[in-house]
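Report on one structure; see the data block that follows.
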There are 2 protein chains.
Amino acid sequence: MNLKELAAHLNLSQTTVSRALNGFPEVSEATRKRVADAAEQHNYRPNTRAKALATGRAMAIGHVIPVSAQHEMVNPIFGDFIAGAGETYAKAGYDMVLSLVEDDKQEKAYRDMAAKRNVDGIILHAPRMADPRIDLLREIGLPFAVHGRASEVDGPYSWLDVNNKSAFQRATQFLLDLGHRRICLVNGLEYMDFAWRRRAGYLYALENHGIAADPSLMFAEEMTESYGYRTVMQTQALADPPTAYLVSSIIPAMGVRRAVEDSGRRMGREISVITHDDDLSYLRNSGEVPQFTATLSSVQDAGRQLAALLLDQILSVPNHMPTRLLEAQLTVGTSTGPAPAPASSSAPSSA
Amino acid sequence: MNLKELAAHLNLSQTTVSRALNGFPEVSEATRKRVADAAEQHNYRPNTRAKALATGRAMAIGHVIPVSAQHEMVNPIFGDFIAGAGETYAKAGYDMVLSLVEDDKQEKAYRDMAAKRNVDGIILHAPRMADPRIDLLREIGLPFAVHGRASEVDGPYSWLDVNNKSAFQRATQFLLDLGHRRICLVNGLEYMDFAWRRRAGYLYALENHGIAADPSLMFAEEMTESYGYRTVMQTQALADPPTAYLVSSIIPAMGVRRAVEDSGRRMGREISVITHDDDLSYLRNSGEVPQFTATLSSVQDAGRQLAALLLDQILSVPNHMPTRLLEAQLTVGTSTGPAPAPASSSAPSSA
DNA sequence: GAAAGCATCCAAAGCGCTTTGAATGATTGC
DNA sequence: GCAATCATTCAAAGCGCTTTGGATGCTTTC
């Protein structure tokens, strides 16, 4: 059933039917009712493609998700983020179109999306430092919003980010307050902006405490479970092993826990662990007292909010670039405790 | 830049330009070249919406992802599945449109998708036993393919599934061969078809061995980490606790491991664990010898293959309903070992 | 009672593409 | 030399919707 048929069926013009359904004022309540009933009865839905062509609005938002060719990895936090965003879109009547793209084909993917005109806006994922995609999207002229931020990119754009620096600074401070001095950073890839900011927070707290950073305690890799495991195994073999780990995601944190236990130590006793926790639905930091002490910030909620920010930008005045900075919550669990009595813990390794 | 402008620029008709770009034979090689060059130079991409309207093909596949309202959960395996599917789509020039929908709004979501005509086909996720959505999609008439199968649904439809029954039967058999008699099933929700089949495999192996199933050792819940943890804690408190666990996903399996270790036991010694392993990219069952003995089947690969199956169905003759049954690989890791010497292990609890 | 205003409704153009049916020359066959 | 064939190209219709710019008939106003 299409508009023409519906109109014919009602002995009305397409114009009137269209207006009745879209809530224009110049149609009598009687006919509006009649039209609505008939549409309902025949399960009429306007053809999106025709509507999009006529209005110039696609009623869809694009997500370009980078897939690194080497790793073939899909970050599980995307799942939760997208669930949040999808919820917002659904409420606003928007669709979500996903494009999984290898790193080196990103530019083409964005240009294509814009030229093909099948989305009204784009969510930019996983921004890097000085990410060139931001300028690219500006040039293309499609509205966009960034999940995270890109340092060293000037000018306004719409974004939503967790205050990663402050979160990791506080977490480091927390460990320092417990007496830990050898704190290992198990970070994500540091060309990612979020990881870079976390590192900055970590370094800042150390510096404030007069502790020099030890490069042999700073790691940056793709955040897998086995990365967490390997890192602990490796660092516990050091002459002066860390007493605490600061981890970038609950996934490597699980590997960290496994390694701690495999090596006969206990979390919260010999070794303390703090992790960032995206509150992933299938990997909740559970327990009456949470398992991990964590910097908590729901990525699903971030999805909801960023989607709303983008829609806001699309629907409102042109040069409106809303941004939002979320503070992570430092929640105390069972994975942290005072630093063990210094067996041979001399002064920090190097001034 | 649109077709009209490009044609004007070239002093050609829209017809010729369109045909040149779409590889029709009735255009001279000289002009085809000229057109292609100009298109390239002006970065011309046909407007998808117009093209879709004119051709009747949307060049997009829809995924309706159920989100249970109570749990607000997004199964992380979707992430990997979608990565696989997305890869196939990208190669074929298709987009992927995602629709996250609450359980009770599914029917409407499917009908809307069909009526709005913005996808050419649908992937059906997480089928339940006797899933009504299959008949619904048949009625709607949109091509579709199912990730999994639905028992008790007659007639042909396109699907791809892992042989869940055989996988869990073999896994159970493997544990029985090691001498385990109290084997706990940590299953997914059993209205899900895959979970139901796994249970069937488990029961079949037990029965073959003359062992009566013990309802107090059979669990079925949403597959979270904490579910695995709780289940082990609870069952180890039984008078006659299980010596082995058969787990439905690596996520609860991690909770199982945590509980095993928290209760002072060791995986592969006092307690054996086999898990199904979807080969999730961030949660690989890693190690030279894998951590878990597992029934392995890559869900990302499933995504790739099922997407291809659906495209095949869309592009080929009408009543072609391809299906594929994958066998999971039983890979032996460090989490299984012979059953501990029976301390008080009497005969199975009930005949 | 004619002019003006109002409430409803409609015909037709247009969104950017594909595709049908023809036109235009150039080439061939006899 | 003229009809028939072939290789190119084009004008225009159509996909299903929105939207512009009238129509149409009724009330109101003075």
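Being a predicted model, the structure only gives us computed values, none of them experimental. Lettering of chains follows the sequences in order, A, B, ..., and the numbering in each one begins at 1.
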If the cut-off is 4.0 Å, is [X] near the phosphate of [N], judged by side-chain N/O to OP1 or OP2?
X     : N      : result
B:S28 : D:dT9  : yes
A:N47 : D:dC15 : no
A:Y44 : D:dC17 : yes
A:T55 : D:dT18 : no
B:K51 : C:dG16 : no
B:N2  : C:dC15 : no

Residue A:R117 excluded, over 12 heavy atoms near CZ under 6.0 Å: no
Kindly check if the number of other-residue, nucleotide or ligand heavy atoms within 6.0 Å of NZ (A:K105) is above 12?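 Count not over threshold, so no.
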What does A:T15 touch in the nucleic acid at a heavy-atom separation under 4.0 angstrom: a base, only the sugar-phosphate, or nothing? base
When we call it a touch if two heavy atoms are under 4.0 Å apart, what does B:R19 touch: a base, just sugar-phosphate, or nothing?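 The answer is base, as B:R19 lies within the cut-off (heavy atoms under 4.0 Å) of a base atom.
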Whole angstrom value for the distance that separates [atom2] of [N] from [atom1] of [X]:
X     : N      : atom1 : atom2 : value
A:E5  : D:dC17 : CD    : C1'   : 13 Å
A:Q14 : D:dT18 : CD    : P     : 9 Å
A:R34 : C:dT8  : CZ    : C1'   : 13 Å
A:K4  : C:dA12 : NZ    : C1'   : 13 Å
A:F24 : C:dC10 : CZ    : P     : 16 Å
A:L12 : C:dA11 : CG    : C1'   : 14 Å
A:R32 : C:dC9  : CZ    : C1'   : 13 Å
A:L3  : C:dC10 : CG    : P     : 13 Å

Would A:T15 and A:S18 count as having a side-chain donor-acceptor pair, cut-off 3.5 Å?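 No, no side-chain donor-acceptor contact under 3.5 Å.
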Does the side chain of A:Q305 come under 3.5 Å of the side chain of A:D301 through a donor N or O and an acceptor N or O? yes
Working for side-chain hydrogen bond (donor to acceptor under 3.5 Å, both in side chains), residues A:N2 and A:N47: CA-CA 8 Å; A:N2 60 25; A:N47 178 318; over 6 Å; no
Heavy atoms from C-beta onward define the side chain here; which of [options] lies closest to that of [X]?
X     : options                : value
B:A50 : C:dG16, C:dT18, C:dG14 : C:dG16
A:N22 : C:dG16, D:dT18, C:dT19 : D:dT18
B:E26 : D:dT9, C:dC10, C:dC17  : D:dT9
B:S18 : D:dC15, C:dC9, C:dT18  : C:dT18

Find which nucleotide of DNA chain C each of B:T16 and B:R49 is nearest to by heavy atoms, and output the residue with the more 5' nucleotide.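 The residue mapped nearer the 5' terminus is B:R49.
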A:H125 vs A:F81 aromatic rings, parallel, tilted or perpendicular, using cut-offs 30° and 60°?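 Taking A:F81 first and then A:H125, their aromatic rings stand perpendicular (interplane angle over 60°).
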